[in-house]
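Data first, discussion second: the structure below is written as structure tokens.
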Amino acid sequence: MAGNLLVSEEKSVSKSVQQMSIEGDEPPSQYIVNGNKFGSKDCCALIPISTIDVSLLSSESELEKLRSALSSAGCFQAIGHGMSSLYLDEIREVAKQFFALSEEEKQKYARAVNESEGYGNDRIVSDKQVLDWSYRIILQIFPEKTRRLSLWPKVPTGFSEKLEEFSTKVKSMMDYLLRCMARSLNLEEGSFLDQFGEESLMLARFNFYPRCSRPDLVFGVKPHTDRSVITVLLQDKEVEGLQVLIDDNWVNVPTMPDALVVNLGDQMQIMSNGVFKSIMHRVVTNTKKMRMSIAIFHEPDPKNEIGPVEGLIDESRPRLYRNIKYYGDINYKCYQEGKIPLDTVKIANNSD
Ligand SMILES: O=C(O)CCC(=O)C(=O)O
Ligand SMILES: [Fe+2]
């Protein structure tokens, strides 16, 4: 879909997803997925998603399971991560309480026009954009000095403390996983982590998917890969909706109350020279139940140059990607233009 008309000024819709779901409206054309543009809505139940016990990753067999899951699918359900199900419920609860506030209250944290941080709906950047049936609050957590605390909800009380605590725990789990990933490929432990630099970015995205009268026509989130190196996702405890693309089949990621879903993003595919996969995923909605999720994204300091680890480049696996800085900006620009971001950093001729 090259040739999209780009608009510099953000556009608005006449009625928000929030209003439409309350009033039971059918999704208007801007939300409707035309034909096969994003692939089939069918979902295959037969391919299982790997479960990895993080506490066992010092063993060779669990490490091999990790390597295999990440090189075939790019995702897994993490258990044994040290966060109890009671604790994960508390995190879900503050998010739920925030979304249950009145619209007027939530609007106090509204994102500004042409910005992504804060509460709101899709930022509309192109006339041809298909909009997602969801709304969200996005908050940058690290580096600490970049926090825009005026956008951090004051209600429910404890939201900020819980978010800070949860993301710090998730960050140490991610750092540990990044070391394990390097070990699983017989690399120095810091091969991936050292590319993050002093000021790595961590962003939280609280997603809310209201009921939809025609889930067959829309997506909660359209198919995409994350721009991060690694994403950790706390899924809704009961309501499914996340699907991942494995071997050209859309596969449901089942809800597991104690598990955190780990998805690899584009920057890991670059750093691992294509050995580990950035997982394509999407979210479907339903007529009966709202769904919620909390995604934590971790990526290198954008000023840092990242690229394929030397130990993963050889004659049988030539360098697939060039070294780059500011991948987030590249990713966003491609998204606007309907291009696949990873394609733009790929080396066309693999002979060097
Ligand atoms: O809601 C989910 O399960 C996934 C959300 C997601 O993919 C994202 O926020 O990037
Ligand atoms: Fe995602």
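In listed order, ligands and their atoms are each counted from 1.
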By atom name, which N, O or S atom belonging to D226 lies closest to the Fe ion (ligand 2)?
OD1
Do me a favour and list the nearest non-hydrogen protein atom to atom 3 (O) of ligand 1 with residue, atom name and distance?
R291 NH2, 2.9 Å
Atom 4 (C) of ligand 1 - nearest protein heavy atom and its distance:
V283 CG2, 3.6 Å
Heavy-atom contacts with [X] under 4.0 Å: which atoms of ligand 1 show up? List them by number with element.
| X | answer |
| --- | --- |
| L233 | 2 (C), 3 (O), 4 (C) |
| Y209 | 1 (O), 2 (C), 4 (C), 5 (C) |
| R205 | 8 (C), 9 (O) |
| D226 | 10 (O) |
| H281 | 7 (O) |

Please confirm whether H224 comes under 4.0 Å of ligand 1, counting heavy atoms of the residue only.
yes
So, does R136 sit close enough to ligand 1 that a heavy atom of it is under 4.0 Å from the ligand?
no
Correct closest heavy-atom pair for S167 and I141 would be OG-CG2, 3.5 Å
Minimum heavy-atom distance D236-R92, with the two atoms named:
C-NE, 4.0 Å
State, without any angle test, whether E199 and N304 hold a side-chain donor-acceptor pair at a distance under 3.5 Å.
no
Indicate yes or no for a side-chain donor-acceptor contact from E105 to the backbone of S102 under 3.5 Å, with no hydrogens or angles considered.
no
Given 3.5 Å as the limit, does a donor-acceptor pair link the side chain of Q243 with the main chain of W250, or not?
no
Would you say the ring centers of F206 and F159 fall short of 6.0 Å from each other?
yes
Do the ring centers of F142 and H298 come within less than 6.0 Å of each other?
no
